[in-house]
Chemist: 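Right, I'll just put the structure down here and ask away after.
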Amino acid sequence: QRMPPKKRTRGTTAEHEEPAAKLAKKDDDEKDSSGKGAKGAPRRRGKPEAGNSGMQEDKGAAAAPAGKEVYCHWLMKSEPESRIEKGVDVKFGIEDLKALPKQTGCWDGVRNYQARNFMKDMKVGHEAFFYHSNCKEPGIAGLMKIVKEAYVDHTQFDKKDAHYDPSSKKDNPKWYMVDVQFDRMTKRFIPLSELKKYHQQHKSNGGVLKGLALFTRARLSVQPLSKEEFDFVLSLEDKEPI
DNA sequence: GCCAACGTTGGC
DNA sequence: GCCAACGTTGGC
């Protein structure tokens, strides 16, 4: 089941705000409600999902409205080891995704506005790293693809769910999820410790990973990578571990 | 299991 | 709107 719970917020909200990708900025967003609001939990989980397959596409969207950057690469965290939260085991590792029908699941349980907004920016076909967190060996285990764009996370209305959010109303849902499909394992597990070494190094020499969100926004469970960051990280699978 | 970092809550 | 207290994330 799921993961982090947390919840509570205040009331209402406005809604969907936009997706946004902000990035460099930080903040997040949401305008939701009144001011405060968000909760915080991130993470995810997955499960089969029913529908799907969607394909929506974006249309021209792309045009970058000046100002906001558009990302096509992501890193999503999930816990591969059992941990009971509100009576439910939140374990969901890459092997669990792989075991689902069509190797596809919904990334529910995200209860952080910024992470949610990043999910709303995701388009079908985008690639994401499956990151194992809060476990013996944290790091990137594999790759997955976005196969369905953001839609209402039903677990926010489920009292039995670890991420139930009593403040969210059916007619104005706060939380969204995407469907992801297992793509492949990385050729080798890329440990956080190794990424950290590159990050340190790059902070000194201006390398690609100097601003990697994994280190600059450590608690964000859904985070964007630039194409350069994504390619660099992926290239590590063909190199010797440092 | 500890605990630093940081996001959220809620009084004022 | 500020900010102290509190709760969560997630590495170690």
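So you know, we letter chains A, B, ... as the sequences are listed, proteins then strands, and number each from 1.
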Chemist: Using atom CZ of Arg111(A) as one end and atom P of dT8(B) as the other, report the distance to the nearest whole Å.
Modeler: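 Atom-to-atom, Arg111(A) to dT8(B), this comes out as 14 Å.
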
Chemist: Between Leu214(A) (CG) and dG11(C) (P), how many Å, whole number?
Modeler: 8 Å

Chemist: What is the distance, to the nearest angstrom, from the NE2 atom on His132(A) to the P atom on dT9(C)?
Modeler: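 Value for this atom pair: 18 Å.
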
Chemist: Does the side chain of Tyr131(A) get closer than 4.0 angstrom to OP1 or OP2 of dT9(C) through an N or O atom?
Modeler: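 It does not, given that no N or O in the side chain of Tyr131(A) lies less than 4.0 Å from OP1 or OP2 of dT9(C).
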
Chemist: To the nearest angstrom, how far is Ile84(A) atom CD1 from dG1(B) atom C1'?
Modeler: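 In whole Å, dG1(B) C1' and Ile84(A) CD1 are 17 Å from each other.
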
Chemist: Verify the ring-centre separation between Phe129(A) and His73(A): is it less than 6.0 angstrom?
Modeler: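 Here the rings of Phe129(A) and His73(A) have centres that are no less than 6.0 Å from each other.
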
Chemist: Polar-atom pairs under 3.5 Å, protein N or O versus N or O of nucleotides 4-6 of chain B: list them with distances, or write none.
Modeler:
{"from": "dA5(B)", "atom 1": "N3", "to": "Arg219(A)", "atom 2": "NH1", "distance (Å)": "3.4"}
{"from": "dC6(B)", "atom 1": "O4'", "to": "Arg219(A)", "atom 2": "NH1", "distance (Å)": "3.3"}
{"from": "dC6(B)", "atom 1": "O2", "to": "Arg219(A)", "atom 2": "NH1", "distance (Å)": "2.1"}

Chemist: Any side-chain heavy-atom pair from Pro138(A) and Ser133(A) closer than 4.5 angstrom?
Modeler: no

Chemist: So which nucleotide from dG7(B), dG11(C), dG10(C) ends up closest to the side chain of Asn112(A)?
Modeler: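 Closest nucleotide to the Asn112(A) side chain: dG7(B).
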
Chemist: Less than 4.5 Å apart, side chain to side chain, heavy atoms only: is that true for Val180(A) and Thr104(A)?
Modeler: no

Chemist: Before accepting this row, confirm whether a basic side-chain N of the pair Asp238(A)/Lys187(A) lies closer than 4.0 Å to the acidic partner's carboxylate O.
Modeler: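 Looking at Lys187(A) together with Asp238(A), the answer is yes, because their closest N to O distance falls below 4.0 Å.
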
Chemist: Closer than 3.5 angstrom, by distance alone: can the side chain of Gln223(A) be matched with the main-chain N or O of Leu220(A) as a donor-acceptor pair?
Modeler: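 Yes; judged by distance alone, with no hydrogens or angles, the pair exists.
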
Chemist: Of the listed nucleotides (dG10(C), dG7(B), dG11(C)), which one gets closest to any side-chain atom of Lys196(A)?
Modeler: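 For the Lys196(A) side chain, the nearest candidate turns out to be dG11(C).
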
Chemist: Can Lys145(A) be said to sit on top of Phe130(A)'s aromatic six-ring, NZ or CZ under 6.0 Å from centre and within 45° of the ring axis?
Modeler: no

